[in-house]
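Notes follow the structure.
We name chains A, B, ... by the order of the sequence lines, and we start the count at 1 in each one. Note that these values count all heavy atoms, side chains included, but never hydrogens, waters or copies made by symmetry.
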Protein chains: 2
Amino acid sequence: MDWNITEINQLTPPDIDRQGNKLLMGNGYIGYRGTLEEFNKEQKTATIVSGLYDKVGDQWREPVNLPNGCFIEVTYKGEPLHALKSKVIAHSQSVDLYSAIHMRETTFETSDGSCITLRSRRFASLSLRQLICMEYSITSDHDCDVDIRTGIDSDVWDINGPHLRKTETCVQDDIISVCAITHENAVPIAVSEVVLLPLECENEAINSSFRTFHSVRIHRTFTFHKFISHVTGNEEINPLESSRKLCKEAASIGFEELLKEHTALWSQRWDTCDIQIEGDEQAQQALRFSLYHLLSIVPTHTDHASIPSRGMSGQMYKGAIFWDTEIFILPFLLHNFPSLARNLLLYRYHTLDGARRKAHEYGYRGAFFAWESQDTGDDACTLFNVTDVFTNRPMRTYFRDKQVHISADIVYAFWQYFSLTGDVSIWKDGGAEVVFECARFFLSYVYFNPDKQRYEILDVTGPDEYHERVHNNAYTNRMVAHTFEVCQHVAAYLCHNEPQVFAELVQGLDFESDLDLITEIAKRLYRPDSNPTNGLIPQFDKYFTLENLPLKTLIERKLHPHEYFGGGSGLATTTQIIKQADVVLMLYLFSEHYSRVTKAINWKYYEPRTEHGSSLSACSYSLIAAQIGKVDWAYKYFMKTATIDLTGVGKQYVGTLYIGGTHPAGNGGAWMAAVFGLCGIHCVDKTISVKPHLPGHWKKVILPFTVHGQKLRITLTQQDVTIELDSTLETPLSVSVGDNVFPLFTGESSFFLESKSQTVEE
Amino acid sequence: MDWNITEINQLTPPDIDRQGNKLLMGNGYIGYRGTLEEFNKEQKTATIVSGLYDKVGDQWREPVNLPNGCFIEVTYKGEPLHALKSKVIAHSQSVDLYSAIHMRETTFETSDGSCITLRSRRFASLSLRQLICMEYSITSDHDCDVDIRTGIDSDVWDINGPHLRKTETCVQDDIISVCAITHENAVPIAVSEVVLLPLECENEAINSSFRTFHSVRIHRTFTFHKFISHVTGNEEINPLESSRKLCKEAASIGFEELLKEHTALWSQRWDTCDIQIEGDEQAQQALRFSLYHLLSIVPTHTDHASIPSRGMSGQMYKGAIFWDTEIFILPFLLHNFPSLARNLLLYRYHTLDGARRKAHEYGYRGAFFAWESQDTGDDACTLFNVTDVFTNRPMRTYFRDKQVHISADIVYAFWQYFSLTGDVSIWKDGGAEVVFECARFFLSYVYFNPDKQRYEILDVTGPDEYHERVHNNAYTNRMVAHTFEVCQHVAAYLCHNEPQVFAELVQGLDFESDLDLITEIAKRLYRPDSNPTNGLIPQFDKYFTLENLPLKTLIERKLHPHEYFGGGSGLATTTQIIKQADVVLMLYLFSEHYSRVTKAINWKYYEPRTEHGSSLSACSYSLIAAQIGKVDWAYKYFMKTATIDLTGVGKQYVGTLYIGGTHPAGNGGAWMAAVFGLCGIHCVDKTISVKPHLPGHWKKVILPFTVHGQKLRITLTQQDVTIELDSTLETPLSVSVGDNVFPLFTGESSFFLESKSQTVEE
């Protein structure tokens with residue numbers, strides 16, 4: 001398969017926005033939008049660095065967009081060659097997923113009839129993470145002179161900016177630098193660049209942070225390189241000095257060598273995680289594309305940052321980290337790059353104080369994690385998150401206040417990590433404290449119903465945000481029950497294996513009596529379950545008393561195309577129409593606890609009532625569809641998830657506010673839907689079961705899968721399953737395929753699949 | 001003082017609507033709007049009978065408007081004399097409050113220049129409650145002939161009708177009758193009328209239910225009488241026969257004798273309850289007017305009906321009974337006509353099964369009384385009670401679901417009745433069952449907070465309907481605590497004094513273990529109290545975190561003059577602006593439990609934040625204002641309450657829906673504000689304390705006050721208080737005036753008031 005994602009002659013403003021996301025490049029520290037070198041803030045160029053946020057006045061706190069060092073503009077006879085302003089004969093822009101290189105090639109016809117082609121290749125270096133490397137070439141159909149203007153554009157796109165002040169430019173040793181500090185915390189930043197020309201240019205001018213090489217002679221093709229370094233005070237004491245140093249280092253190494261290092265590292269990544277699908281080019285491409293995006297934004301350099309819901313594609317959604325990371329992104333990392341999964345979990349530990357502050361603010365104890373988390377863990381989510389289209393007034397929403405499941409989602413992720421990697425150190429390194437504080441939060445949140453003699457969880461918003469402030473949301477209650485269970489497990493484990501650590505922790509947190517109470521509450525916590533008569537699980541108390549109508553009818557009731565379905569009086573709030581998977585997500589997360597019949601009944605009930613107004617929805621429906629043998633639906637929702645950023649068809653604007661961007665949870669969901677869903681791999685502790693539900697046209701799937709430190713290679717066809725393990729184990733993994741259960745010590749084992757799984761009829 | 005309320009030359013449509021309410025006449029069985037005899041449904045004529053409701057299709061269930069038997073039209077030379085269509089020289093319409101007689105006098109100038117005056121007097125007989133009696137006279141400036149058309153107009157005004165079907169007319173023995181049956185339950189009704197002319201009219205025609213006397217000779221003045229009887233299947237097996245019989249009886253008794261009986265009975269009523277205020281004609285009139293309205297609508301003939309929130313002024317608010325009755329109307333009756341108070345309480349007992357059904361519907365046990373109660377006790381309140389002005393869509397409101405305080409309000413009323421009358425029979429006659437079932441409802445509604453080790457009441461709407469679904473509403477929690485206390489008291493009383501009754505009741509209700517649990521819960525029920533630092537009581541959890549702004553600013557934010565402040569996303573919902581007294585009402589209802597300082601602090605805080613969007617609000621603010629010595633405010637809010645139906649300035653329409661009508665709770669609130677507030681009478685069991693806060697211009701107030709069966713006469717001046725008791729007691733009442741506390745056995749005692757009460761400064 002071709003690893004290239006290419007866009008040809010796509011130059012309208014919506015194309016530019018879309019490609020900015022789709023063709024993004026990144027290395028987990030820097031994210032750079034897929035824009036052209038001659039573009040500026042009008043075209044939403046953006047250089048986002050991980051973990052750097054700023055707030056100006058009363059505006060939303062959001063990531064800082066650094067000065068744009070990738071800027072290059074070529075002028076021919078006073079005529080700038082600009083993809084949007086000049087006559088373009090041909091244009092293509094692409095990303096090589098395998099090597100994570102962004103490329104563009106644009107051929108212009110100039111006023112005098114000349115034909116000039118601009119090409120660039122650039123990458124966010126995986127070996128030197130603060131560095132963007134670029135190769136730029138100019139090809140002409142005749143020998144001619146051009147002016148090349150390159151530099152650092154400080155006039156950047158901001159949603160709630162400007163975030164940089166005291167901006168200064170300096171030039172030293174042919175290195176241009178822009179320094180500034182952020183508004184809120186005065187964090188210093190520096191962007192520097194060095195340009196390597198193949199020849200001496202005698203006619204050169206520097207104006208502020210731009211440098212122009214005049215009358216550069218083009219004989220067929222002229223190629224040069226530049227290196228841009230990005231350093232912030234979060235990493236270095238003197239960002240200017242560090243950034244200059246890095247430019248020098250890059251120049252001394254050179255483009256080709258840096259490219260080689262970068263490509264080699266990306267190649268290793270693909271060796272680790274690539275999934276090969278034979279028989280479905282589209283699925284193959286969509287899945288690789290999804291993994292490319294995840295790999296581009298996952299922080300490898302720190303455990304103080306995580307993956308924002310719009311990745312590193314800009315300041316959209318405040319650059320905030322949602323539950324998306326723990327529930328939809330983590331599994332891919334867990335089974336391919338466990339140490340990166342660990343980083344993401346420790347980010348939550350490092351923001352625990354913010355979660356404690358939030359709990360305290362609302363009158364609770366323990367840790368109530370931010371719905372929209374940034375660097376400090378304080379909640380960036382506002383109380384008025386939607387604008388009413390009828391009155392143009394801000395609308396009170398309860399995302400921040402009531403989506404308490406976030407704390408349980410985080411505990412779930414910690415437990416998944418532990419039980420599937422066996423890495424007990426996570427508890428000592430902060431995990432136990434997170435788990436205990438989350439459990440304590442729920443202890444302070446639950447209520448006992450004296451009449452029904454059970455604990456209940458009242459006044460929450462579940463994953464389905466169209467129904468705010470409901471009671472006993474099945475998902476939330478189940479997740480909180482799980483939090484209590486994990487809390488007890490971790491406490492028991494530490495008490496037994498690390499008594500000293502446990503004693504200190506319990507004492508430090510004054511947790512002893514709370515732990516007793518948690519044990520008590522856990523026994524009697526209400527977990528809404530399937531109705532014995534019809535098998536349905538109510539999404540929350542009284543859900544089934546709401547108006548039951550087709551989604552289509554609800555949509556027809558809209559008076560305004562952009563009216564919000566939820567909030568205080570949205571159209572969906574009094575109906576059974578839900579925004580996204582809620583009960584069905586719970587069925588997936590606790591797959592082993594629910595029968596196929598229960599899954600089938602509830603999938604069938606909730607699926608037509610789901611608007612899928614969230615990118616988190618389709619993958620959940622795909623996963624359960626696969627489990628109940630609805631392979632066509634599983635495939636449909638897998639493809640929907642996997643192509644979310646390929647098609648870029650999602651909503652881009654609310655009014656004038658840009659909300660587009662990449663969808664890492666969709667990317668991670670694609671991996672889940674492929675591996676856990678269609679390939680049917682399910683893992684509990686050291687037990688791996690494989691029940692494939694391959695679409696009929698899939699000939700073969702080969703996938704790597706790491707569990708408990710062991711790298712498996714699993715090959716599935718329509719007929720059989722082969723599992724390979726290179727290493728040799730003393731304690732085997734337990735593998736089950738169909739009815740076969742066997743211990744896997746080493747080597748390769750193949751199993752013939754008896755028959756295709758049947759669709760479950762409820 | 002003149003007991004007449006008169007309107008002169010008020011004939012615009014808004015005047016007609018207003019007078020229809022203001023000049024209403026009634027006897028607790030019939031309510032007849034203050035319209036003119038020649039009017040029809042266009043002018044909202046209405047004959048409402050107590051306790052008869054009907055529902056057509058999916059429309060709102062509402063009272064039945066009976067055929068209008070008061071219709072009379074006079075024609076002179078082919079020219080109808082109609083107040084709205086003819087040339088009117090002078091017109092007045094009035095009610096004599098003392099005798100409860102409606103009067104009109106209209107002088108017409110006819111086309112030929114003649115001057116003809118029509119006069120009528122009519123009353124809803126207090127001795128024969130199904131009867132309306134009318135005297136009608138025609139005076140001409142010259143001898144002439146007129147046609148008089150009289151009859152029963154079946155084409156009545158309905159909001160959600162028509163409610164009558166199979167309408168039939170019959171004439172027998174000069175009695176015209178209209179019979180019909182209701183839609184929903186086929187209840188038969190009959191309206192009959194007989195006309196007594198002073199002479200034989202030979203030229204008479206009957207057409208359907210109308211009878212025309214042609215060419216009646218007018219020599220100066222011609223007077224005749226008619227009697228209209230109204231009977232329904234709720235009282236009589238054969239309404240037609242009964243109504244005809246009643247007409248005959250009335251005719252044989254005659255108008256003057258019936259008037260005499262009627263007036264004598266009303267005179268007795270006023271002897272019992274009239275309050276004389278010297279020095280303030282306006283207050284005197286407003287208060288008498290308020291009592292007139294209460295007396296006109298209080299059911300005297302049954303304990304199966306109560307007082308709807310718009311009295312008997314039409315079908316507005318579905319003719320439903322709200323908490324208004326128990327909290328704002330009952331005190332007047334309790335201290336003047338205890339047996340009528342008892343009737344209203346037993347109405348709740350008779351609707352207990354409806355309350356049980358409602359509790360069950362919502363998944364609770366016990367009795368959750370209807371927010372809008374009709375004859376069966378099933379809730380007439382809809383889930384969508386308001387129309388959104390921006391989308392014209394029905395808006396989900398939580399009046400029905402969440403105003404759980406209704407069940408506690410009813411228990412409060414039962415306890416007030418018992419503790420102030422000493423009538424223990426109320427418990428055996430249904431009161432105990434109501435109390436136990438309400439307590440049981442709250443037992444099933446409360447939750448235990450394991451972290452705070454207390455019971456809480458979550459997800460309710462308090463009196464302030466602008467903030468729906470709040471937690472720990474101070475009013476609700478306090479009222480529920482009171483319900484539990486009353487439950488324990490009643491149980492203890494019965495157990496001790498009526499062990500057999502108690503045993504049967506507890507067994508029949510399977511109440512034993514619930515009673516134990518109630519005792520347990522009552523001990524630890526959270527009652528939001530004043531903050532030790534600033535003395536403020538939070539209306540509900542987190543109330544003080546809401547936006548704090550002046551009411552004026554909030555009003556300025558309106559985009560539409562009629563937009564609703566509450567509901568899912570109303571302007572007030574995210575602010576501290578409240579619709580009506582909530583904390584302040586609680587302070588009044590539990591006056592003896594809160595200090596004057598607490599009252600002063602909270603009154604001062606909540607008063608400017610209250611929109612008084614309910615007629616229940618002003619009286620509460622008046623009551624506490626008096627207690628804290630803010631006599632000017634107490635007087636202002638007393639007058640606002642007392643004049644509510646005199647001025648008729650309230651909102652009359654929502655869109656095309658008429659919502660005007662009388663305000664019995666305002667009428668009752670006026671009595672409370674006068675007696676409990678300005679006169680400062682406070683009664684707990686057999687202890688009466690008097691702390692007057694008379695406005696400076698009030699010279700003297702004389703008021704009757706019944707407590708524990710003893711009729712007191714209390715006279716207050718600026719200087720002293722005199723209390724008279726005609727009977728002689730063995731066990732005295734305890735009376736306190738200022739610092740004087742003494743036992744009252746009999747006779748008259750006077751007390752000099754030391755000094756005027758001081759305003760409490762918080």
Side-chain angles (χ1 to χ4, degrees), chain A residues 361-366 383-384 386 388-397 401 440-459 468-471 514 517-518 520-521 524 541-542 545-547 557-560 563-564 566-571 573-575, chain B residues 361-366 383-384 386 388-397 401 440-459 468-471 514 517-518 520-521 524 541-542 545-547 557-560 563-564 566-571 573-575:
Chain A
E361 174 195 340
Y362 283 104
Y364 302 108
R365 297 191 297 127
L383 300 185
F384 295 80
V386 176
D388 184 326
V389 293
F390 298 109
T391 61
N392 215 31
R393 287 181 189 140
M395 184 190 291
R396 181 70 161 96
T397 47
D401 320 57
R440 172 138 67 185
F441 166 63
F442 290 117
L443 147 67
S444 73
Y445 201 91
V446 302
Y447 280 93
F448 185 68
N449 183 325
D451 201 33
K452 295 183 174 142
Q453 289 285 306
R454 67 187 189 194
Y455 287 91
E456 300 186 11
I457 303 178
L458 307 173
D459 198 3
E468 297 186 327
R469 305 196 55 195
V470 302
H471 300 325
D514 283 349
L517 190 47
I518 284 164
E520 174 58 27
I521 292 171
R524 292 199 278 179
D541 286 355
K542 302 273 163 196
T545 68
L546 297 178
E547 187 183 1
R557 288 185 188 168
K558 278 190 176 187
L559 298 177
H560 186 291
E563 68 173 287
Y564 183 57
S569 47
L571 278 174
T573 59
T574 59
T575 76
Chain B
E361 175 195 341
Y362 283 103
Y364 301 109
R365 298 192 296 128
L383 300 185
F384 295 80
V386 174
D388 184 325
V389 293
F390 299 108
T391 61
N392 215 29
R393 286 179 189 141
M395 183 189 292
R396 181 69 161 94
T397 47
D401 319 57
R440 172 137 69 184
F441 166 63
F442 290 118
L443 147 67
S444 73
Y445 201 90
V446 301
Y447 279 93
F448 186 68
N449 183 324
D451 201 33
K452 296 184 172 138
Q453 289 287 307
R454 68 189 187 191
Y455 287 91
E456 300 186 12
I457 303 177
L458 307 172
D459 198 3
E468 297 187 328
R469 306 195 57 197
V470 302
H471 301 323
D514 284 348
L517 191 46
I518 285 163
E520 174 58 26
I521 292 171
R524 291 198 280 178
D541 286 355
K542 302 271 163 196
T545 68
L546 297 178
E547 187 184 358
R557 287 185 188 168
K558 279 191 175 186
L559 298 176
H560 186 291
E563 68 173 287
Y564 182 57
S569 46
L571 278 174
T573 59
T574 58
T575 75

Residue [X] versus chain B: region with a heavy atom under 4.5 Å:
X: A:Tyr445; value: neither
X: A:Thr391; value: both
X: A:Leu559; value: both
X: A:Asp459; value: side chain

- Counting only heavy atoms closer than 4.5 Å, note whether B:Leu383 contacts chain A via side chain, backbone, both or neither. neither
- Item | Residue part contacting chain A, namely of B:Phe384, when any heavy atom lies under 4.5 Å | side chain
- Task: Only counting residues at least two apart or in another chain, list the ones meeting ring pair (Phe, Tyr, Trp, His ring centres under 6.0 Å) with B:Tyr455.
- Result: B:Phe448
- With sequence neighbours left out, write down each residue that passes ring pair (Phe, Tyr, Trp, His ring centres under 6.0 Å) with A:Tyr564, or none if nothing qualifies. A:Tyr466
- Message: For A:Phe390 versus B:Arg393, what's the shortest heavy-atom pair and its separation?
- Response: CE1-NH1, 4.2 Å
- Query: Considering all heavy atoms of both residues, which atom of A:Asp451 and which atom of B:Leu443 are nearest to each other, and what is their separation?
  - Reply: CB-O, 4.1 Å
Heavy-atom pairs under 4.5 Å with chain A: which of [options] has the most?
options: B:Arg396, B:Glu563, B:Arg440; value: B:Glu563
options: B:Glu468, B:Glu520, B:Glu456, B:Met395; value: B:Glu456
options: B:Arg557, B:His560, B:Arg365; value: B:Arg365
options: B:Pro450, B:Ser444, B:Gly567; value: B:Pro450

